[in-house]
Amino acid sequence: MASEDLRATRIEKLDQLRSIGMNPFAYQWKSTHSMAELQAKYVDLPNGEEIVVDVAVAGRIMTRRVFGKLAFFTLQDETGTIQLYLDKNRIQEFMSDRFPEAFANLKQLTDMGDIIGAKGTLKRTDKGELSVYVKEFEMLTKSLLPLPDKFHGLTDITTRYRQRYIDLIVNPEVRETFRRRALITASIRRYLDRDGFIEIETPTLTSEAGGADARPFVTYHNTMDMELYLRIATELHLKRLIVGGFEKVFELGRIFRNEGISTRHNPEFTSIEVYQAYADYNDMMALTETLITTAATEVLGTTEITYQETPISLTSPWKRITMHDAVKDATGVDFATFTDLNQAIAAAKAAGIHNIDDCSSIGKLLNEAFEQKVETTLIQPTFITDYPVEISPLAKPHRSKPGLTERFELFIVGRETANSFSELTDPLDQRERLEAQAARKAAGDLEAQGVDEDFITALEYGMPPTGGLGIGIDRLVMVLTDAPSIRDVIAFPLLKSEKNEDQTPE
RNA sequence: GGGUCGCUAGCUCAGCGGUAGAGCAUUCGGCUUUUAACCGACUGGUCCUGAGUUCGAAUCUCAGGCGACCCA
C-alpha cells in the first residue's frame with residue numbers, strides 16, 4: 001500500500017477513536033514506573049507468576065502480536081521496553097462500562113508507532129517475559145505514519161540523518177549515544193564547577209572572527225547595517241574575562257567554521273575552552289587528563305576503552321613528546337638542527353614529505369612533516385608539545401626553546417582532540433603576530449585572522465599569566481561512544497537540502 | 001576539488017536489455033502464551049531526475065541531484 005494510503009487509513013482511525021469517545025491526542029498521563037525500573041525491580045519474578053500491584057506505564061507500540069482474544073504489544077519508553085499482556089476478558093471487565101468494545105477497539109484502532117498508556121498488574125509469562133497484565137489502556141497519541149521494518153529497522157543513512165527522530169525511535173543504540181554525550185558534558189561541567197571554574201557565555205555574533213585560523217560564516221544585521229561573523233572560537237572573549245579579573249572561566253558551546261564536511265568535520269561543532277589565571281600549559285596538560293579520564297570513568301566506568309576495534313588506554317599519565325622529537329622519530333629528520341630553510345626543504349623532500357613548496361619557514365615545514373608523517377599514527381592519547389611560533393599566534397614563546405611556543409595538542413586515534421597554550425600575554429608581541437596574520441588575510445588567505453583591536457587593548461591593561469585549553473567535544477564523544485563519524489554524535493548534522501521542487505520537469 | 005560506491009513499494013532488499021518482484025508493514029478473514037507469532041486472501045511502484053542508444057531501458061551511455069566512504 002502506498003504511503004498516502006497508509007496515512008489515510010490511520011486518519012480514518014482517528015475519526016473512529018473520536019467516535020467512541022477516545023481522544024487520539026490526549027493531554028496527560030501519569031506513569032508509576034519506567035520500563036527499566038519495572039524490569040529491574042521485578043527481575044526475580046518467576047515465570048507464570050503475577051504480582052497484584054497496580055502499575056501504569058506509557059510508551060510507543062513497537063511490535064504487536066494479536067490473537068483472537070489475546071494480544072501482546074511491546075511498549076517502548078526512553079529507558080527500555082516492557083510487554084503488555086492484553087487479555088480480552090480482563091480488558092472487558094475493567095473497560096466495558098466506558099468502552100463496550102474495548103478489546104476490539106484495541107485490535108482495530110491501534111498500530112505500531114502509536115503512543116499509549118496502560119494500567120494493570122505485573123505478570124511474568126510462561127515464556128519468561130515480564131509483562132503488564134493490562135486492565136485498562138488509553139490512546140495517548142495516534143501515529144499517522146508507518147515505522148520502519150520491525151526486524152530490519154532503519155539503515156538508510158540519509159533518512160537516519162535527515163529524520164533523526166525515526167532513527168531514535170527504532171535504534172536504541174542511537175539514543176544511548178546522545179544520552180552518553182549529555183553525561184560527558186555534564187561530567188566536564190561538574191568537575192570544573194567543583195574546581196571553582198565558572199561558565200560565562202560569550203558572543204556568537206562578532207564583528208571580528210578571531211581566536212583560530214578558520215573561514216567564518218558571514219551574516220548581516222539589518223538595523224545596525226553591519227556585517228557580522230559567527231564565532232570560530234571563544235578564545236578572545238574568554239581572555240578578556242581573565243583581564244577583567246575572573247581567574248577560572250570556561251565556556252562549552254557551539255562554534256562555526258565555514259569549511260568542508262567529513263567524518264571528522266561538521267560546520268557547527270562544540271568546543272569547550274577553559275582559562276585559568278596563573279597557570280601554564282603544564283597545568284593544562286594535567287587538567288586535560290583529569291577532565292577526560294573523569295568523564296570516561298563517570299560515563300563508561302573505565303578508562304580502558306575500545307574504539308572501532310582498537311583498544312585505547314585513556315589511563316593517565318599520557319605520553320608526552322615534543323613535535324621535534326615526534327617528527328624525528330617518524331622521519332629520521334631532526335628539524336631542530338637546521339638554520340637554513342633550503343637545507344630543511346631538501347631534507348624534508350628526501351624524507352618523502354610533499355606539498356612543501358609554499359612553506360615559508362622551518363617551523364611550517366616541521367608542522368607539515370608532523371601532519372603528514374606523525375598525526376595519524378598517534379592512536380593512544382599523546383600530548384604533542386612545543387609548536388613553532390609561526391603556527392601559534394596566540395601562544396607564549398617557550399621559556400627556554402627559541403622559535404617555539406608553550407603549546408600542546410592532544411591526539412587520540414590520530415585526531416586532534418585538544419589544543420592548549422601558555423597564553424601570550426605580551427600585547428606588543430601579540431599585535432605583531434596578529435598583524436602578520438592580517439597581512440596574510442589581506443593577501444587573500446581566507447583562514448587568517450584579522451587584528452581584534454579591542455582584544456589587544458585588553459591585553460595592554462594587563463592579563464595575568466594564564467593557561468588556556470580547548471577540547472573538541474564532538475571528537476571526544478566519538479571516542480567515548482565508539483562512533484565512526486562525527487555525524488553519529490551530532491543529533492542533527494548539516495546536510496544539503498533535497499531541493500525536490502528544482503527537479504520537477506517544466 | 002578528485003576517485004569509488006549507492007539511490008527500485010512505508011521499511012529491508014532482489015532483479016542488471018524483453019509483462020517490476022520477495023519478506024515485513026498495511027487491508028480483510030481465522031486464532032487466548034506470543035516475542036521477526038502463525039495460517040489464508042488481497043493491496044501497494046515517478047525503479048532519484050533529465051537526455052540519449054535501442055524494436056524495446058529499472059537494467060547500457062551522458063549530464064544533473066542527493067548521500068556514503070577514501071584521497072587532497
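Just so it is clear, the values below take in all heavy atoms, side chains as well, and ignore hydrogens, waters and symmetry mates.
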Inset, instruction - Residues of residues 56-63 of chain A with any non-hydrogen atom less than 4.0 angstrom from an atom of RNA chain B: list those, numerically ordered, please. - result: none
Inset, instruction - For RNA chain B, determine which residues of residues 157-173 of chain A have any heavy atom closer than 4.0 angstrom to one of its atoms, and list them numerically. - result: A/Ile157, A/Thr158, A/Tyr161, A/Arg162
Should [N] form a Watson-Crick or G-U wobble pair with both distances under 3.5 Å, which nucleotide is its partner?
| N | result |
| --- | --- |
| B/rG29 | B/rC39 |
| B/rC66 | B/rG6 |
| B/rG44 | none |
| B/rC60 | B/rG52 |

Inset, instruction - Spell out yes or no: do the side chain of A/Asn89 and the base of B/rU32 have one donor N/O and one acceptor N/O closer than 3.5 Å? - result: yes
Can you identify which nucleotide, out of [options], has its nearest atom closest to the [X] side chain?
| X | options | value |
| --- | --- | --- |
| A/Thr9 | B/rU32, B/rG67, B/rU26 | B/rU26 |
| A/Asp149 | B/rU35, B/rU33, B/rG23 | B/rG23 |
| A/Leu6 | B/rA72, B/rA25, B/rU33 | B/rA25 |

Inset, instruction - Quick one: label A/Leu147 by what it contacts on the DNA or RNA (base, sugar-phosphate, nothing), any heavy atom closer than 4.0 Å. - result: nothing
Inset, instruction - Determine the contact category for A/Gly260: base if any of its heavy atoms lies under 4.0 Å from a base atom, sugar-phosphate if only primed atoms, P, OP1 or OP2 are that close, otherwise nothing. - result: nothing
Inset, instruction - Taking atom CD of A/Glu78 as the centre, report whether more than 12 heavy atoms of other residues, nucleotides or ligands fall under 6.0 Å from it. - result: no
Legend entry - Sidechain-backbone polar pair: A/Thr306 side chain, A/Glu309 backbone, donor-acceptor under 3.5 Å: no
Inset, instruction - By nearest nucleotide on RNA chain B, pick out whichever of A/Phe151 and A/Leu154 is the more 5' one. - result: A/Leu154
Inset, instruction - Could you say whether A/Gly68 or A/Thr263 is positioned toward the 5' end of RNA chain B, judged by the nucleotide with the nearest heavy atom to each? - result: A/Gly68
Inset, instruction - Scan residues 53-74 of chain A for pairs that pass salt bridge (charged side-chain N to carboxylate O under 4.0 Å, His left out), counting only residues two or more places apart or in two chains. - result: A/Asp54-A/Lys135
Legend entry - Approximate separation, where rounding is to 0.5 Å, of A/Glu409 CD and A/Leu378 CG: 10.5 Å
Inset, instruction - Decide if the gap between the ring center of A/Phe94 and the ring center of A/Phe137 is smaller than 6.0 angstrom. - result: no
Inset, instruction - Please examine the side chains of A/Phe217 and A/Tyr229, heavy atoms only from C-beta on, and report whether any two atoms are closer than 4.5 Å. - result: no
Inset, instruction - Heavy atoms only: give me the nearest A/Ile362-A/Ala344 pair and the separation to one decimal. - result: CG1-CB, 4.1 Å
